[in-house]
Amino acid sequence: MRIADSVAWTHNGGRVVVLDLAEPASAPIALEASAASIWHEIAGRDDICIDALLTSLASAFETTESEIRQDVETVVARLVESRLLVP
């Protein structure tokens with residue numbers, strides 16, 4: 001997966017704000033805490049699969065992939081549904 005070409009984003013500290021520029025009526029979406037970490041991991045690569053994302057995040061947060069899988073998959077699914085990420 002990767003960030004959609006039509007998406008603009010910025011960050012400040014632990015917060016990321018994203019906006020789909022292809023949708024004039026879209027509102028900015030604020031990602032905080034773990035959702036912002038997920039975004040940064042995706043943004044740091046040209047393309048990343050869910051397993052590589054889980055491995056990277058589990059290592060960064062000193063946890064296991066199985067402990068974070070459901071939460072990460074939920075955030076990613078919402079970002080894909082919002083057309084901010086391309087699967």
Side-chain angles (χ1 to χ4, degrees):
M1 83 194 81
R2 63 179 176 78
I3 296 172
D5 293 336
S6 62
V7 170
W9 64 280
T10 188
H11 64 97
N12 185 6
R15 186 176 197 196
V16 175
V17 178
V18 297
L19 177 65
D20 183 359
L21 299 176
E23 294 292 327
S26 70
I29 296 175
L31 306 173
E32 297 179 339
S34 59
S37 296
I38 291 167
W39 185 269
H40 279 291
E41 284 295 325
I42 295 168
R45 315 220 187 163
D46 292 332
D47 195 9
I48 187 170
C49 68
I50 192 72
D51 289 333
L53 178 61
L54 286 165
T55 299
S56 181
L57 290 167
S59 175
F61 289 100
E62 298 178 352
T63 188
T64 65
E65 294 172 29
S66 61
E67 287 186 46
I68 63 171
R69 180 174 292 277
Q70 184 175 358
D71 291 337
V72 171
E73 288 178 344
T74 298
V75 170
V76 167
R78 288 183 181 158
L79 294 170
V80 168
E81 183 180 304
S82 299
R83 298 184 193 149
L84 301 171
L85 294 180
V86 176

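Taking CG from Leu84 and OG from Ser26, the interatomic distance works out to 8.0 Å, rounded to the nearest 0.5 Å. For the atom pair CD of Glu73 and CD1 of Ile68, the computed distance is 10.0 Å after rounding to the nearest 0.5 Å. Atom CG of Asp20 and atom CG of Leu85 lie 11.0 Å apart (nearest 0.5 Å). Atom CG of Leu31 and atom CD1 of Ile38 lie 8.5 Å apart (nearest 0.5 Å). Here CD of Glu67 is found 12.0 Å from CG of Leu54. Values are rounded to the nearest 0.5 Å. Interatomic distance, CZ of Phe61 versus OG of Ser34, reported as 7.0 Å (0.5 Å rounding).
Closest non-hydrogen pair, Ile48 versus Glu41, comes out as CD1-O, 4.5 Å. Between Val16 and Ala36, the shortest heavy-atom distance links the atoms CG2-CB, 3.8 Å. Between Trp39 and Leu79, the shortest heavy-atom contact is CE3-CD1, 4.0 Å. Here the closest non-hydrogen pair linking Val75 and Ala35 is CG1-CB, 4.3 Å. In terms of heavy atoms, Arg83 sits closest to Ala4 at O-CB, 3.6 Å. The two atoms that bring Pro28 and Leu19 nearest to each other are N-CD1, 3.8 Å, heavy atoms only.
Distance alone, capped at 3.5 Å, is enough to place a donor-acceptor pair between the Asp47 side chain and the Met1 backbone. A donor-acceptor pair is defined here as one N or O able to donate and one able to accept, closer than 3.5 Å; no such pair exists between the side chain of Ser59 and the backbone of Thr55.
With a 6.0 Å radius and a threshold of 12 heavy atoms from other residues, nucleotides or ligands, Arg2 has its CZ atom above the threshold. Remark: Asn12 CG is loosely packed, at most 12 non-hydrogen atoms of other residues, nucleotides or ligands lying under 6.0 Å away.
Hydrophobic clustering (side-chain heavy atoms under 4.5 Å, transitive across Ile, Leu, Val, Met, Phe, Trp, Tyr) groups Val72 together with Val80.
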side-chain contact (heavy atoms from CB on, under 4.5 Å) evaluation trace for Arg69 with Leu57: CA-CA 10 Å; Arg69 180 174 292 277; Leu57 290 167; over 6 Å; no
